[in-house]
Amino acid sequence: MKILHTADWHIGKKLHQFDLKEDVDLFVDWLVDLIQEKEIDVLLISGDVFDLANPSSEARTQYYRSLIKFRQIDCKIIITGGNHDSPNMLNAPKELLNLLNIHVVGGMPENMNEQIIALPNNENPELMVAAIPFLRDADLRKANEGETYEDRIKIHQKGIENTYLSAAEYCLEKHPNIPILAMGHLYTAGATTSESERDIQMGNQAMFHAARFGDKYEYIALGHIHKPQRINNNTPTFYSGAPYPLSFSERNDEKRVLLIDTEEGFEPTSIPVPVNRKLIRIQGDLNEISLKLQSLDAPYKLTSLIEIHMTEKEYSSEKVQALEDLINEFDQSGYEIIHRTIAFQNKIVGTSELYDSSQNLSELAPLDVFNKMIENHEMTEETRKEITNAFQIILEEVEQEQQD
């Protein structure tokens, strides 16, 4: 049996308001072709199908359109909910999706048998799958008055451990000697995160040690962490990672899906996902940024996205404006600047730090405070006059409104 492990599609994701829907479509098209080419029997999606618990109608449409593309191939699909997903939203069409050979476990079900799938069927199983979704606090414990934070952490982790151990025992009772694979969506100890993961369960102290999954599983297919990686455990335990970059911190990740061929064992083979766009972070002073923007590589299939971080030693309003002009005038085919930050090594002190501690700001004239604030800024005398005049106009308007 051939199994493909993926996770963290985050349909509906916007990166600095730039919609990544084209990334999803190209990945799904490639995935359908790969499943046909490799004759995959089972596709696992380990959580975070959507980026938001209440996805837009456009994101839902893309999700269902993506699933329909799999109708042309004979492949079982198992989907579990992640921390970004709404269990009720994922579960709503589950009976209809069952007709398409798609099994959905949006949230922790009341009956264990709803999350245990025998493959290819119950009559002649070759593999058992414990499809465990993201486990919310309510799934694992009931709050008790007087619990400390440390107590809640221990209860939470014990609840996760018991869930996985119970699922394995259930599988062994139903079908002894049949190998078991677990799906999960959580943060395990030793995992390397990126900027795009949020809501890491109850902080880093809640990270779950992989040894607590137990020794009954042959493979553990994880989602939640976007960087592809193996977790240190006696059982093969892997994050497939997100199939395309979801933040600039993922720009150097080698995105992949994982193929398990049970006839050869449960060590997966990594299959690279084609790169359809690059995320580029450009850092430096104004001159360095300008030069780097002029030396970009050939474009990819999709528009490559650029994030700029300008750092200068001293504050300069002219350099700030020059960067804005540079961004506004940038017009290179296949590239788009979608975010920028500006930092100055010698930060400007606040107004409360400009004067001696014995002085009260309320006793000073507004124009005096303003002049003190801008006296160390690099600008021409003409610019300084224009800024001061603009401030005086605003000040007069504010004072007039107060009189009225």
Side-chain angles (χ1 to χ4, degrees), residues 1-12 24-25 27-28 31-32 35-36 40-136 138-140 163-164 166-168 170-171 173-175 178 180-185 221 223-224:
M1 183 174 293
K2 292 182 179 179
I3 304 159
L4 209 58
H5 168 200
T6 73
D8 296 281
W9 290 16
H10 286 267
I11 297 173
V24 177
D25 282 339
F27 168 68
V28 170
L31 192 60
V32 170
I35 290 172
Q36 289 179 309
I40 302 298
D41 300 295
V42 184
L43 172 66
L44 309 177
I45 307 175
S46 296
D48 280 355
V49 176
F50 291 100
D51 191 58
L52 298 172
N54 185 25
S56 66
S57 59
E58 186 178 17
R60 297 182 196 211
T61 298
Q62 186 172 36
Y63 169 58
Y64 295 123
R65 188 175 64 239
S66 297
L67 295 181
I68 289 172
K69 291 179 181 179
F70 291 98
R71 288 186 61 191
Q72 60 187 288
I73 54 180
D74 184 20
C75 179
K76 173 75 172 180
I77 300 175
I78 304 175
I79 300 171
T80 54
N83 60 302
H84 284 246
D85 297 314
S86 161
N88 291 334
M89 204 285 298
L90 276 186
N91 283 338
K94 65 184 303 180
E95 293 184 8
L96 181 61
L97 292 178
N98 280 339
L99 299 176
L100 300 176
N101 205 20
I102 300 170
H103 192 112
V104 178
V105 184
M108 192 66 178
E110 292 184 7
N111 298 320
M112 178 76 75
N113 63 348
E114 293 181 27
Q115 66 182 35
I116 305 299
I117 303 105
L119 300 173
N121 52 59
N122 284 314
E123 289 70 35
N124 188 28
E126 298 177 23
L127 178 71
M128 304 298 292
V129 175
I132 300 174
F134 174 74
L135 298 171
R136 289 172 165 79
D139 298 325
L140 301 172
T163 299
Y164 281 89
S166 298
Y170 182 91
C171 292
E173 288 176 10
K174 292 291 183 181
H175 299 284
I178 299 298
I180 313 168
L181 179 152
M183 298 172 68
H185 192 91
H224 189 43

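Model, not experiment: these values are computed from the prediction. Positions are given from 1, in the same order as the sequence printed here.
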Nearest-0.5 Å distance, CG of residue Asp25 to CD of residue Gln62
4.5 Å
Least distance between heavy atoms, His185 atom then Ser46 atom
ND1-O, 2.9 Å
Hey, could you give me the CE/CG distance between Met1 and Asp41, rounded to the nearest 0.5 Å?
5.5 Å
Minimum-distance pair of heavy atoms, taken over all atoms of His103 and Val105:
CD2-CG2, 3.7 Å
Is Arg65 atom CZ crowded by more than 12 heavy atoms from other residues, nucleotides or ligands, each under 6.0 Å away?
yes
Short side-chain to backbone donor-acceptor contact, Arg60 and Pro55, under 3.5 Å
yes
Distance-minimising heavy-atom pair for Ala59 and Gly12:
CB-CA, 3.9 Å
Just by distance, do the side chain of Asp48 and the backbone of Asn83 share a donor-acceptor pair under 3.5 Å?
yes
Report, as yes or no, whether the 6.0 Å neighbourhood of atom NZ on Lys174 holds more than 12 heavy atoms from other residues, nucleotides or ligands.
no
About how many Å separate CG of Leu43 and CD1 of Ile79, when rounded to the nearest 0.5 Å?
7.5 Å
Gap separating the CG atom of Asn54 from the CG atom of Asn88, nearest 0.5 angstrom
11.5 Å
Got Leu135 and Thr163 here, is their nearest side-chain heavy-atom distance under 4.5 Å?
yes
Minimum-distance pair of heavy atoms, taken over all atoms of Thr80 and Asp85
O-OD2, 4.3 Å
Under 3.5 Å: donor-acceptor pair, side chain of Asn91, backbone of Gly106
yes
For a 4.5 angstrom cut-off between non-hydrogen side-chain atoms, does Leu90 reach Tyr63?
yes
If only atom types and distance count, is the side chain of Asn121 paired as donor or acceptor with the main-chain N or O of Glu123 below 3.5 Å?
yes
Give the minimum heavy-atom separation between Ile78 and Ala131, together with the two atoms involved.
CG2-CB, 3.9 Å
So His84 and His10, would you call those rings parallel, tilted or perpendicular, with 30° and 60° as cut-offs?
perpendicular
If I compare all heavy atoms of Gln115 with all of Ile132, which pair ends up nearest, and what's the gap?
NE2-CG1, 3.8 Å
I'd like to know if the side chain of His175 and the backbone of Asn124 have a donor-acceptor N/O pair within less than 3.5 Å.
no
May I ask you to check whether over 12 heavy atoms, not counting those of Asn98, lie within 6.0 Å of atom CG?
yes
Can you tell me how far apart CD1 (Ile40) and CD1 (Ile77) are? Round to the nearest 0.5 Å.
12.0 Å
The reported gap from CZ in Arg71 to CD1 in Ile102 (rounded to nearest 0.5 angstrom) is 9.5 Å
Students often mix this up, so state it plainly: with edges at 30° and 60°, are the rings of Phe27 and Trp9 parallel, tilted or perpendicular?
perpendicular
Can you confirm whether Ile3 sits close enough to Leu127 that some side-chain heavy atom of one is under 4.5 Å from a side-chain heavy atom of the other?
yes
With a sphere of 6.0 Å drawn around CD of Gln72, does it hold more than 12 non-hydrogen atoms of other residues, nucleotides or ligands?
yes
